[in-house]
Amino acid sequence: MKGRFRVEVPFDFYLTVTSGQSFRWGSYDGEGNFSYGRADDEGFMYAPVFGVVLGIKQEDSYIIYKASDSRVWVPHRRRYMDVEEFIRFYFSLDAPVEEIEALVQDKPEVLRAYMKYRGVRIMRQEANEILITFIFSAQNTVKNIARTVHRLSALLSHPLFFDGKKFYPFPSLEKIAGSSFELLRKNLPVRFDSRIEAAISAARHYSARDIYNLHHSVVDYGTAHETLIQLKGVGRKIADCVLLFSLEHWEAFPVDVHIRRMVERYYMEDINLPPLKSLTDRVYRMIGEYFRGRYGRWAGWVQQYLYSLSRTPEGEELSRNSISSGL
DNA sequence: GTCCAGGGTGGCG
DNA sequence: CGCCACCATGGA
């Protein structure tokens with residue numbers, strides 16, 4: 001089925017799906033080959049999400065979509081949605097981001113990040129996929145994470161065919177739990193053995209249902225974070241990514257090297273931090289608490305604007321390869 | 001060849 | 001606590 005609807009809020013589809021929170025959007029061919037962050041000849045990008053295949057392109061304020069099914073099961077809400085409603089949910093188009101503008105007036109760098117990247121939305125993705133995906137994110141690049149997730153999916157899931165293309169949905173946690181270390185180690189371009197072990201271990205300890213019990217509507221941020229970091233191989237950063245990019249804990253504030261650079265450059269006095277030799281547990285917590293205190297439920301969104309800005313030439317004097325292909 | 005990428009753990013002072 | 005070595009891929 002196909003459709004088209006108008007978006008009445010700031011939204012840049014392309015920026016959003018290449019902003020390092022999702023790794024599945026791009027072009028696919030008939031053999032199931034995947035090219036992250038690339039649109040096809042007609043301007044569509046595709047992804048297998050929530051059990052369906054979506055193709056999307058944006059023309060100004062209009063979203064044009066194709067979908068392999070007419071309705072989508074959404075675990076976050078425990079109900080089905082039609083495709084347009086799902087797309088609005090998936091990209092959080094209901095979030096009143098204009099509230100952020102008032103909060104960032106007194107900080108020029110954040111205001112600049114917001115004005116430039118307010119079209120970047122925090123997405124609401126599947127919890128099992130985000131958990132396993134970010135376990136593979138350790139000291140890795142966005143592009144290589146995307147390749148890893150695609151290979152894992154091709155290895156363990158049954159393909160879906162749509163629009164003349166072949167897609168591999170993200171495999172279930174049960175499927176990952178039942179696979180072997182050797183199989184994954186041999187086929188996934190992952191740097192550390194510990195990441196493979198952590199993925200299998202997490203999949204054995206959690207069902208998808210367990211993870212959704214950590215949803216924003218069920219437990220508070222602190223409790224959810226404490227619970228997630230009990231998983232072997234899942235630390236504070238990965239936990240924050242799961243909470244922010246799937247479970248709607250928008251006060252989560254993941255700190256990676258890009259965010260750390262922004263903090264070092266613009267926030268040392270605000271947060272009253274000593275020179276950052278290493279990112280200790282205490283400092284990580286202080287940074288998150290500062291942004292939560294200042295931006296409340298929008299802290300995670302502000303984090304994403306800062307992340308986007310830091311990966312841009314004007315945002316920071318960065319190493320060249322941080323503006324990697326696909327962006 | 002070099003350096004770096006959306007980390008986590010364990011060990012030592 | 002804070003800091004550091006280690007792990008061992010792929011791209012620029």
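Chain naming here is simple, since letters A, B, ... match the order of the sequence lines and numbering starts at 1 in each.
- The nearest whole Å value for the distance from the CZ atom in F181(A) to the P atom in dC7(C) is 14 Å.
- A gap of 23 Å separates the C1' atoms of dG6(B) and dG2(C), to the nearest Å.
- Here the straight-line distance linking atom CG of L183(A) with atom CG of L188(A) works out to 8.0 Å at 0.5 Å rounding.
- When the P atom of dC4(B) is taken as reference, atom CZ of R311(A) falls 17 Å away, rounded to whole Å.
- Rounded to whole Å, atom P of dG10(C) lies 18 Å from atom OH of Y36(A).
- Spacing between atom NZ of K143(A) and atom P of dG6(B) amounts to 13 Å, rounded to whole angstrom units.
- Per the geometry, CG belonging to D193(A) stands 10 Å off P belonging to dC7(C), to the nearest Å.
- For dG6(B), neither phosphate oxygen OP1 nor OP2 lies less than 4.0 angstrom from any side-chain nitrogen or oxygen of R260(A).
- Nucleic acid contact class of F245(A) (heavy atoms, under 4.0 Å, all strands): base.
- With Y80(A) as reference, W73(A) is the one residue of W73(A), F86(A), F89(A) to meet the ring pair (Phe, Tyr, Trp, His ring centres under 6.0 Å) rule.
- Residues V97(A) and R121(A) form a side-chain contact, since some pair of their non-hydrogen atoms from C-beta on lies under 4.5 Å apart.
- When heavy atoms are screened at a 4.0 angstrom cut-off, P189(A) is found touching the sugar-phosphate backbone but no base atom.
- The six-membered or imidazole ring of Y62(A) lies away from that of F5(A), with a centre-to-centre distance of 6.0 Å or more.
- Of all nucleotides listed (dG6(B), dG2(C), dG10(C)), dG10(C) comes nearest to the side chain of R147(A).
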- request: Using a 4.0 Å heavy-atom cut-off, write out nucleotides 7-13 of chain B from 5' to 3' as B (base contacted by protein), S (sugar-phosphate only) or - (no contact).
  value: BSS----
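- Atoms CG (L306(A)) and P (dG6(B)) sit 16 Å apart, rounded to a whole Å.
- Computed from coordinates, the R185(A) CZ to dC7(C) P distance equals 13 Å when rounded to whole Å.
- At a threshold of 4.0 angstrom between heavy atoms, the contacts of E197(A) with the nucleic acid are absent.
- With ring centers used as reference points, F134(A) lies under 6.0 Å from F245(A).
- Straight-line distance between the C1' atoms of dA5(B) and dC7(C): roughly 15 Å, to the nearest whole Å.
- Taking the six-membered ring where the residue is Trp, the centroids of F253(A) and F291(A) are separated by under 6.0 Å.
- Taking the ring centroids of F34(A) and Y28(A), they lie under the 6.0 Å cut-off.
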